[in-house]
Number of protein chains: 2
Amino acid sequence: MDLGQRAHRPAEGQLARKINHLIATLYPDERTRPGFAKLAQKIRETTGSAISSTYLWELATGKKHNLTQSTLTTLAEFFGVPREYFLNDEVAARVDSQLELALALRNQKVRSIALRAEGLSDETLDSILTMLSQARKIEKLPPLEGERERPGSDG
Amino acid sequence: MDLGQRAHRPAEGQLARKINHLIATLYPDERTRPGFAKLAQKIRETTGSAISSTYLWELATGKKHNLTQSTLTTLAEFFGVPREYFLNDEVAARVDSQLELALALRNQKVRSIALRAEGLSDETLDSILTMLSQARKIEKLPPLEGERERPGSDG
DNA sequence: CGAGATCGTCCGCTTCAGCGGACAACCGGG
DNA sequence: CCCGGTTGTCCGCTGAAGCGGACGATCTCG
């Protein structure tokens with residue numbers, strides 16, 4: 001049986017990039033940029049929590065990736081980014097649609113529709129979906145982004 | 001000295017409460033509420049990832065708290081809440097007020113419907129609402145708690 | 001030139017997130 | 001009554017998160 005077959009994602013490697021990117025951003029001058037040891041020390045001084053230099057290196061080189069809450073919080077606090085910065089990419093699409101959803105739900109009627117649609121059979125839902133797509137065309141609304149090309153996420 | 005001993009984590013104890021709250025909200029009927037074993041099974045079916053019943057219990061009783069990314073993601077996905085729900089109390093409160101909605105949105109097609117409904121004109125929305133109410137009758141679904149004959153004027 | 005500091009890298013260890021299995025207590029059906 | 005299933009609870013284990021310490025290489029100071 002295929003239980004957790006998609007345990008590994010290609011976006012995992014992004015964490016290492018993000019950390020390196022944050023370091024490079026925080027210390028633009030490559031000559032004076034501190035190493036992982038100095039960095040770990042600064043993290044401890046700044047945030048009060050500690051992350052070892054070894055582990056920093058493992059994260060920056062992609063050796064480890066499944067952070068715990070405390071580590072994530074410490075990193076986010078030190079680099080001055082929201083925690084979602086590190087979570088973001090892995091579920092970018094999902095979060096994206098969530099945000100879009102939150103905006104959509106500001107309309108009271110849209111909320112009512114969502115509530116009413118809940119529990120209906122798949123066929124009925126499909127019918128509603130088809131109808132809505134038609135209505136969107138008729139009312140000349142832009143199509144929803146199914147899969148949009150994400151240009152240049154810095155490579 | 002271990003200066004990383006900062007106990008600045010008020011949300012730690014809250015995690016157990018949040019999980020219990022989510023379970024209680026998802027299954028309001030205490031009699032038919034599944035136990036941790038059944039819950040774990042449902043999580044695996046719904047999200048594709050697995051969380052053991054033992055661990056669920058440990059989380060719900062506050063035995064463990066420092067989740068990893070994967071676990072956090074699985075929980076958030078299953079309960080239909082953003083991950084920040086577990087990290088941020090403000091988000092939790094905000095989400096709680098809309099939990100009924102969040103529950104409805106666990107159906108991917110319902111979410112799609114909500115997204116497609118956004119931006120449509122009032123008349124079209126009314127048509128959709130009427131259609132949905134009819135469909136609910138046809139499919140013998142119980143009426144919504146706040147359902148009105150003519151929605152819209154009530155905020 | 002060498003002393004010392006810092007660099008990236010790696011090995012081995014400890015700790016704990018997370019799981020499997022077992023247990024007694026309960027509930028429903030025969 | 002007993003059986004089978006589910007409940008909450010717990011113990012012990014595996015594996016990975018995370019750390020400490022060491023290594024050679026580089027750079028600067030004197």
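Computed over heavy atoms, backbone and side chain alike; hydrogens, waters and symmetry mates excluded. All values reported here derive from a predicted model rather than from experimental measurement. The chains referred to below are lettered A, B, ... by the order of the sequence lines, with proteins before strands, and numbering in each begins at 1.
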Sidechain N-carboxylate O distance under 4.0 Å for B:Lys63, B:Glu58:
no
Once you round it to whole Å, what is the distance between P of C:dA17 and CG of B:Leu75?
14 Å
Expressed in angstrom and rounded to an integer, what is the separation of B:Phe36 atom CZ from C:dG20 atom C1'?
17 Å
Step by step, work out the side-chain contact (heavy atoms from CB on, under 4.5 Å) result for B:Leu75 and B:Leu22.
CA-CA 10 Å; B:Leu75 281 178; B:Leu22 284 174; over 6 Å; no
Separation of B:Leu72 atom CG from C:dG18 atom C1', in whole Å?
15 Å
Each nucleotide N or O in nucleotides 4-6 of chain C that has a protein N or O under 3.5 Å away: list the pair and distance.
from	atom 1	to	atom 2	distance (Å)
C:dT6	OP1	A:Lys38	NZ	3.3

Grab the N/O contacts between the protein and nucleotides 15-19 of chain D below 3.5 Å, and write none if there aren't any.
from	atom 1	to	atom 2	distance (Å)
D:dG18	OP1	A:Thr68	N	3.4
D:dG18	OP1	A:Thr68	OG1	2.1
D:dG18	OP1	A:Thr71	OG1	2.6
D:dG18	OP2	A:Tyr55	OH	2.2
D:dG18	N7	A:Lys64	NZ	2.8
D:dC19	OP1	A:Ala50	O	3.3
D:dC19	OP2	A:Ser52	N	3.0
D:dC19	OP2	A:Ser52	OG	3.2
D:dC19	N4	A:Glu58	OE2	3.4

With the side chain counted from C-beta on, respond yes when A:Phe36 and A:Ile23 share a heavy-atom pair under 4.5 Å apart, and no when they do not.
yes
Given C:dT9, is OP1 or OP2 found less than 4.0 Å from the side-chain N or O atoms of A:Trp57?
yes
Does B:Lys18 use its side chain to pair, donor to acceptor, with the backbone of B:Tyr85 at less than 3.5 Å?
yes
Could you please spell out the steps behind the side-chain contact (heavy atoms from CB on, under 4.5 Å) verdict for A:Phe78 and A:Leu39?
CA-CA 10 Å; A:Phe78 175 72; A:Leu39 206 55; 4.2 Å; yes
Answer with yes or no whether the side chains of B:Arg83 and B:Thr73 bring together a donor and an acceptor at under 3.5 Å.
yes
Rounded to whole Å, please give me the gap between CZ in A:Arg31 and P in D:dT26.
14 Å
Donor-acceptor pair, distance only, cut-off 3.5 Å: does the side chain of B:Asn66 make one with the backbone of A:Thr68?
no
B:Glu45, CD atom: more than 12 neighbouring heavy atoms under 6.0 Å
yes
